[in-house]
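Everything below concerns the one structure shown next.
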Amino acid sequence: MTAREQLREWLLESRKAVFFGGAGVSTESGIPDFRSKNGIYRTISKYGVPPEQILSHTYFVHYPETFYEYYRENLIYPDAEPNAAHKGLVYWEKAGHLKAVVTQNIDGLHQKAGSTNVYELHGSVLRNYCLKCRRKYGLEIITETKGVPVCPHCGGQIRPDVVLYEEGLDDKVITGSVKAIEHADLLIVGGTSLAVYPAAGLIRYFRGSHLVLVNRDETPYDRNADLVIHENIGEVFAEISHD
Ligand code: CNA
């Protein structure tokens, strides 16, 4: 049996599988990840500071103009479409085998594909709000403006509902993710370097029978997995997700 066939077999046996993913799930949709060969961490930042610093809470507060310039250029992909990995996960949810998707991604592509139970650990670029009056806005408030976006109602500063470096994760999202992972019989971890904490630490809550890693590069968890597939996740899900 090939590794892909084994993964399909375990999905078919499972009733409460959970998928835990990261930026690698969306690279086949044309959104670069952070840490692999073509990731945005490898591009020399024209701002003279590393991306982690630009995407930090302190930087956002002190240099909102530069933050938004970088953010618009590197993190917003309004035309991206779900790929075979997102669609495959929808297939397994509809077929009654997959219970939840826990994602570090902020691109909203799992929901766009049709997944209904998605925990967004780092928030979403699609949601924005006014820091002063808390009014909520969609992505247009970022894409259709220049400079630091301000609230049309009260003039307050708009911020994306994404978790910046130095900021904490939402309690409800963490609790939901932990519960789903704790109750999972199969955990598929895909497209993540497992380098960003506390998100990566969530997979420690898994107590089920099979841990599967689908990632192009090696991860620190490879030796803990029952099955490791170093391939493109879209290609893997394209092959295994069918009746
Ligand atoms: P990362 O650290 O950039 O790691 C991505 C991993 O995915 C690498 O190990 C790659 O080998 C692997 N990979 C890339 N493409 C594929 C593919 N097609 N098939 C299989 N594996 C692949 O990203 P993480 O998600 O681990 O790091 C967490 C950060 C990245 C989170 O805070 C995210 O918010 C952030 N991020 C999100 C997006 C997005 O929303 N699409 C894009 C870029 C970064």
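The analysis underlying the following values was restricted to heavy atoms, covering all of them including side chains, and did not include hydrogens, waters or symmetry mates. First listed ligand is number 1; within each ligand, the first listed atom is number 1. Remember, predicted model here, so these are calculated numbers, not experimental data.
Between the side chain of S26 and the main chain of A23, no donor-acceptor pair closer than 3.5 Å is present.
Judged by the shortest distance from any of its heavy atoms, P32 lies inside the 4.0 Å radius around the atoms of ligand 1. At least one heavy atom of G191 sits closer than 4.0 Å to an atom of ligand 1.
Here V196 has side-chain heavy atoms under 4.0 Å from ligand 1, and that is the only part of it that gets that close. Of all the heavy atoms of E28, the ones lying under 4.0 Å from any atom of ligand 1 belong exclusively to the side chain. Here Q104 has heavy atoms under 4.0 Å from ligand 1 in both its backbone and its side chain. Both the backbone and the side chain of I106 come within 4.0 Å of ligand 1, counting heavy atoms alone. Here N232 has heavy atoms under 4.0 Å from ligand 1 in both its backbone and its side chain.
Using a 4.0 Å cut-off to heavy atoms of H122, the atoms of ligand 1 that qualify are 31 (C), 32 (O), 33 (C), 34 (O). Against a heavy-atom cut-off of under 4.0 Å, E231 is close to the following atoms of ligand 1: 19 (N), 20 (C). Close contacts of ligand 1 with S26, meaning ligand atoms under 4.0 Å from a residue heavy atom, involve 41 (N). Ligand 1 places these atoms under 4.0 Å from at least one heavy atom of T27: 14 (C), 15 (N), 16 (C), 17 (C), 18 (N). If you number the atoms of ligand 1 from 1 as listed, the ones under 4.0 Å from a heavy atom of A23 come out as 23 (O), 24 (P), 25 (O), 36 (N), 37 (C), 38 (C), 42 (C), 43 (C), 44 (C).
Aromatic rings from Y63 and F67 are positioned such that their centres are separated by 6.0 Å or more.
Nearest approach of F237 to S241, heavy atoms of both residues: O-OG, 2.7 Å.
At under 3.5 Å, a nitrogen or oxygen of F34, whether backbone or side chain, sits near a nitrogen or oxygen of ligand 1. Taking any N or O of G22, backbone or side chain, none lies under 3.5 Å from an N or O belonging to ligand 1.
More than 12 heavy atoms of other residues, nucleotides or ligands shown are found within 6.0 angstrom of OH on Y221.
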